[in-house]
Amino acid sequence: MTEQLAAYSTSTGEAVQFWILGTVAVIGALCTVFMKRAVHSALCLAGTMIVLAVFYLANGAYFLGVVQIVVYTGAIMMLFLFVVMLVGVTAADSLKETIKGQRWLALLCGLGFGLLLVGGIGNASLSEFSGIGQANAGGNVEGLAALIFTKYVFAFEVTGALLITAAVGAMVLTHRERTERARTQRELAEQRVREGKHVPPLPAPGVYARHNAVDIAGLLPDGTPSDLTVSKTLRERGQIRDVSREALNDLRALEQRAEERLERKAVDPAGFKRAEEASK
């Protein structure tokens, strides 16, 4: 009787956790759909998955919580991010329909799935709860394995096939055939001359480097620092450091320490003459 009452009751901490994290999960899911940039959508989806993992852990499903974080959030979502960065999806690409009527088809499929979900939840009836203790009687891993490979084996195999299809599709999207002939070095040089920008080739990173940091510009042969030896991202952010003054201060400090250590003193030239005569 006590176990049944515990199954139907919710403590204050559980309620606060559910309403706070549930709100965060719903906001993350909505941002996943309505964000204009694909990278932002993927990050919002990762946040929603982390919240779901917290729900699993709070309900005693430790294996599912760890798998949710390691597999889905850590592996699959990072794969999504890498694919987005490799393919270069932007907000402008989402406005181009590669398949005719794909938006209406997606809307129809979404409505159909929503109706099925609402119908399934509406017809569901639970007279009594078994509880986590009974489901994990032999351990969480054993109980989960029994469900996956017996009752839900078909759904598990379909999910695996879907993930494999997504991985193959990602590789197909990232592989692009060259549609035009690669330009030669002479053609590139002629283009630079016509445009009048950077007529000679760009300096390589680290040319006459003064430091091993990536935000410090190298020196050109004439002794002037070149901002082109620093990453374009750092240049646009204005995060380029000039170490000329720091280098001079370090050099002065080094010379001072050397003089103090060696105790250098001015030597009388006559002393050199007397030393030479003595050696003869």
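- Within a 6.0 Å sphere centred on CD of Q185, other residues, nucleotides and ligands contribute 12 heavy atoms or fewer.
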Distance-only donor-acceptor pairs under 3.5 Å for side chains of residues 42-55, two or more places apart:
| unit_1 | atom_1 | unit_2 | atom_2 | d |
| --- | --- | --- | --- | --- |
| T48 | OG1 | A29 | N | 3.4 |
| T48 | OG1 | C44 | O | 3.1 |

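- By the ring-ring contact (aromatic ring centres under 6.0 Å, His included) test, F113 pairs with no residue at all, sequence neighbours left out.
- At a threshold of 4.5 Å between side-chain heavy atoms, the hydrophobic network of Ile, Leu, Val, Met, Phe, Trp and Tyr places I27 and L21 in two separate groups.
- Tracing side-chain contacts under 4.5 Å through hydrophobic residues (I, L, V, M, F, W, Y), one never reaches F149 starting from Y152; they form parts of separate clusters.
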Please tabulate, for side-chain N and O atoms in residues 155-163, each donor-acceptor pair with protein atoms closer than 3.5 Å (sequence neighbours left out).
| unit_1 | atom_1 | unit_2 | atom_2 | d |
| --- | --- | --- | --- | --- |
| T159 | OG1 | A155 | O | 2.8 |

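- Applying the side-chain hydrogen bond (donor to acceptor under 3.5 Å, both in side chains) criterion to E236, with sequence neighbours excluded, gives no partner residue.
- In the hydrophobic clustering of this structure, L64 does not group with L147; members are Ile, Leu, Val, Met, Phe, Trp, Tyr whose side-chain heavy atoms approach within less than 4.5 Å, directly or through other members.
- Annotation for F34: hydrophobic cluster partners, listed by chain and number, are V26, L30, V33 (ILVMFWY side-chain heavy atoms under 4.5 Å, direct or chained).
- L108 and L115 sit in two unconnected hydrophobic clusters of ILVMFWY residues. Membership requires side-chain heavy atoms under 4.5 Å apart, directly or through other members.
- No single ILVMFWY cluster, assembled from side-chain heavy atoms under 4.5 Å apart, contains both V66 and I69.
- The salt bridge (Lys or Arg N to Asp or Glu O under 4.0 Å) search around E190 returns R186, R194, not counting sequence neighbours.
- When all heavy atoms of C31 and S41 are compared, the closest pair comes out as O-OG, 4.0 Å.
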